[in-house]
There are 2 protein chains.
Amino acid sequence: MARWQGGAAERLKEAALGLFQTQGYDGTTVAEIAAAAGVTERTFFRHFTDKREVLFFDQQSFEGTFLNALPASSADPIAAVIAGLGGAAALFGEERRGWSRARQAIIAANPGLQERELLKLSLLAVSLTRELAGRGIDPISAALAAETGVAVFRTTFTTWVAEGETRSFPEIQDEVLERLRALL
Amino acid sequence: MARWQGGAAERLKEAALGLFQTQGYDGTTVAEIAAAAGVTERTFFRHFTDKREVLFFDQQSFEGTFLNALPASSADPIAAVIAGLGGAAALFGEERRGWSRARQAIIAANPGLQERELLKLSLLAVSLTRELAGRGIDPISAALAAETGVAVFRTTFTTWVAEGETRSFPEIQDEVLERLRALL
DNA sequence: GTCTATAGTACGATAGAC
DNA sequence: GTCTATCGTACTATAGAC
């Protein structure tokens with residue numbers, strides 16, 4: 001039996017999602033996930049710093065999707081952040097909605113996983129803030145613009161994965177932005 | 001020696017903060033905190049669901065401070081949320097700044113504690129959203145208004161506890177709101 | 001109040017890829 | 001040979017079960 005099959009991280013992610021769906025998050029041990037993926041517990045922790053992390057995107061590529069879509073320069077920080085949100089739509093195509101729903105159901109049932117998700121979004125806001133500040137925006141305005149952008153993203157995503165929702169990610173995002181404009 | 005000295009939760013909180021400052025969060029065990037407060041480990045977990053919780057406000061009173069300051073009715077959800085923020089200033093008087101700074105330094109050094117703080121603020125946003133939705137605001141607008149309000153609070157608090165900052169909480173909050181208006 | 005399962009860490013050894 | 005992914009084991013602290 002090959003000790004080296006490659007793609008261990010991917011196998012672990014798939015195995016974890018399946019086990020969490022049938023047994024629940026708390027009802028599944030790291031040892032079980034590892035066994036289902038054909039590796040040992042020790043290997044699981046080489047790929048993921050902790051059990052929760054197996055359910056999340058790599059933070060670097062996640063943030064990069066938003067940062068790369070930021071316009072090179074802009075006087076209006078809110079407009080810049082909203083442009084960045086456009087890049088995120090690429091991550092949430094129709095073919096991923098099912099997977100996202102399954103994942104979200106697991107997270108919604110577990111406060112610890114919600115905490116991790118919030119941390120990831122908060123780190124994104126910090127990166128956006130830093131990027132805007134580097135363009136000469138004052139720190140408070142930069143932070144407010146970044147948080148607003150993340151709020152739009154969070155609201156869009158939540159709606160997109162809601163049961164029965166059929167509109168595409170960009171369609172929902174447009175509506176959320178419409179509501180934001182109406183609020184202000 | 002009295003077996004029942006009362007205020008166990010308070011003693012545990014004080015003991016925890018002191019130990020975290022001198023030994024770090026990870027370097028301090030629940031057993032040490034309990035011993036310093038004159039109780040057993042078991043008692044610690046009777047008062048706090050987990051180790052992190054010892055550093056945080058009771059969520060109900062924290063949320064209540066904002067919800068009670070919400071105006072009874074308002075056509076403008078953003079204005080309503082901002083009114084709610086006014087109530088929060090009561091929690092952050094000058095006499096608490098030192099304690100808040102010490103606490104914040106510990107949280108800033110530990111991702112797990114940041115996660116917990118984010119969860120608390122997220123739960124606050126959920127409560128604000130529900131309150132607004134109960135007043136007939138559509139769910140998306142309510143969520144955006146609530147998130148905006150929490151962003152203002154977070155930004156204000158972060159500035160208030162920054163090293164060298166001397167302005168009062170309401171003064172900083174006014175400036176943050178000023179920046180928000182300028183952004184929109 | 002006692003007991004125990006499991007997450008997560010530390011250090012070390014081994015084996016395939018190049 | 002080097003580099004990197006895997007595995008072995010012993011250990012502590014949290015947190016929940018009894």
Side-chain angles (χ1 to χ4, degrees), chain A residues 1-56 58-60 106-107 109-117 119-120, chain B residues 1-6 8-9 11-13 15-56 58-59 106-107 109-117 119-120:
Chain A
M1 177 144 141
R3 179 175 185 173
W4 182 286
Q5 298 184 322
E10 269 315 306
R11 294 205 313 279
L12 285 164
K13 283 188 164 223
E14 279 176 39
L17 187 70
L19 288 167
F20 292 162
Q21 281 183 295
T22 56
Q23 311 180 352
Y25 178 82
D26 286 332
T28 305
T29 67
V30 171
E32 287 176 301
I33 300 167
V39 297
T40 68
E41 210 174 332
R42 183 76 182 73
T43 299
F44 178 96
F45 284 111
R46 266 188 46 79
H47 287 279
F48 306 101
T49 57
D50 59 43
K51 183 181 171 186
R52 285 178 270 170
E53 203 66 22
V54 76
L55 274 174
F56 291 87
D58 170 67
Q59 184 69 6
Q60 266 212 316
I106 295 164
I107 292 176
N110 188 292
L113 293 171
Q114 291 164 44
E115 289 187 341
R116 179 56 50 86
E117 179 149 88
L119 181 66
K120 300 271 185 182
Chain B
M1 179 146 140
R3 178 178 187 173
W4 176 266
Q5 298 182 321
R11 294 205 315 279
L12 283 165
K13 283 188 164 219
L17 188 71
L19 288 167
F20 293 162
Q21 280 183 296
T22 56
Q23 312 179 351
Y25 178 81
D26 286 332
T28 305
T29 68
V30 171
E32 288 176 301
I33 299 167
V39 299
T40 69
E41 214 173 326
R42 180 73 175 78
T43 300
F44 178 96
F45 285 110
R46 263 178 6 89
H47 287 279
F48 305 101
T49 57
D50 59 43
K51 182 182 170 185
R52 286 179 272 170
E53 204 65 21
V54 75
L55 275 173
F56 291 87
D58 169 68
Q59 184 69 6
I106 295 164
I107 292 175
N110 187 293
L113 293 171
Q114 291 164 45
E115 289 186 340
R116 178 56 50 86
E117 180 149 87
L119 182 66
K120 300 271 185 182

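Protein chains get the first letters and strands the later ones, always in sequence-line order, with residue 1 at the start of each. The structure presented is a predicted model; accordingly, all values stated were derived computationally and were not measured.
Across the interface with DNA chain C, nearest-nucleotide mapping of B/T40 and A/Y25 shows B/T40 to be the residue nearer the 5′ end.
Between the CZ atom of A/F48 and the C1' atom of C/dA7 there is a distance of 16 Å, given to the nearest Å. In this structure, A/L12 atom CG and D/dT6 atom C1' are separated by 12 Å, rounded to whole Å. As a whole-Å value, the separation of A/E53 CD from C/dA7 C1' is 15 Å.
Here the CZ atom belonging to A/R46 is positioned 10.0 Å from the OG1 atom belonging to A/T40, to the nearest 0.5 angstrom. For the atom pair CG (A/L55) and OH (A/Y25), the distance works out to 7.0 Å, reported to the nearest 0.5 Å. We find the CG-CZ distance between B/L113 and B/F20 to be 7.5 Å, quoted to the nearest 0.5 Å. If you take OG1 on B/T28 and NZ on B/K51, they are separated by 6.0 Å, rounding to the nearest 0.5 Å. Atoms CD1 and CZ, on A/I106 and A/R52 in that order, are 15.0 Å from each other to the nearest 0.5 Å. Residue A/L17 holds its CG atom at 12.5 Å from CG of A/L12, rounded to the nearest 0.5 Å.
Salt bridge present: B/K120 and B/E53 bring a charged side-chain N and a carboxylate O closer than 4.0 Å.
Closest of all the heavy-atom pairs between B/V30 and B/E41 is CG1-CG, 3.8 Å.
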Return one dot-bracket line describing DNA chain C 5' to 3' (Watson-Crick or G-U wobble pairs, both distances under 3.5 Å; ( ) same strand, [ ] crossing, | another strand, . none). ||||||||||||||||||
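In this model, the phosphate group of D/dA5 is not approached by any side-chain N or O of A/H47 to a distance below 4.0 Å at OP1 or OP2.
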Do nucleotides 11-18 of chain D as a string where each nucleotide becomes B, S or -: B if the base has a protein heavy atom under 4.0 Å, S if just the sugar-phosphate does, - if no protein is that close. --SBB-B-
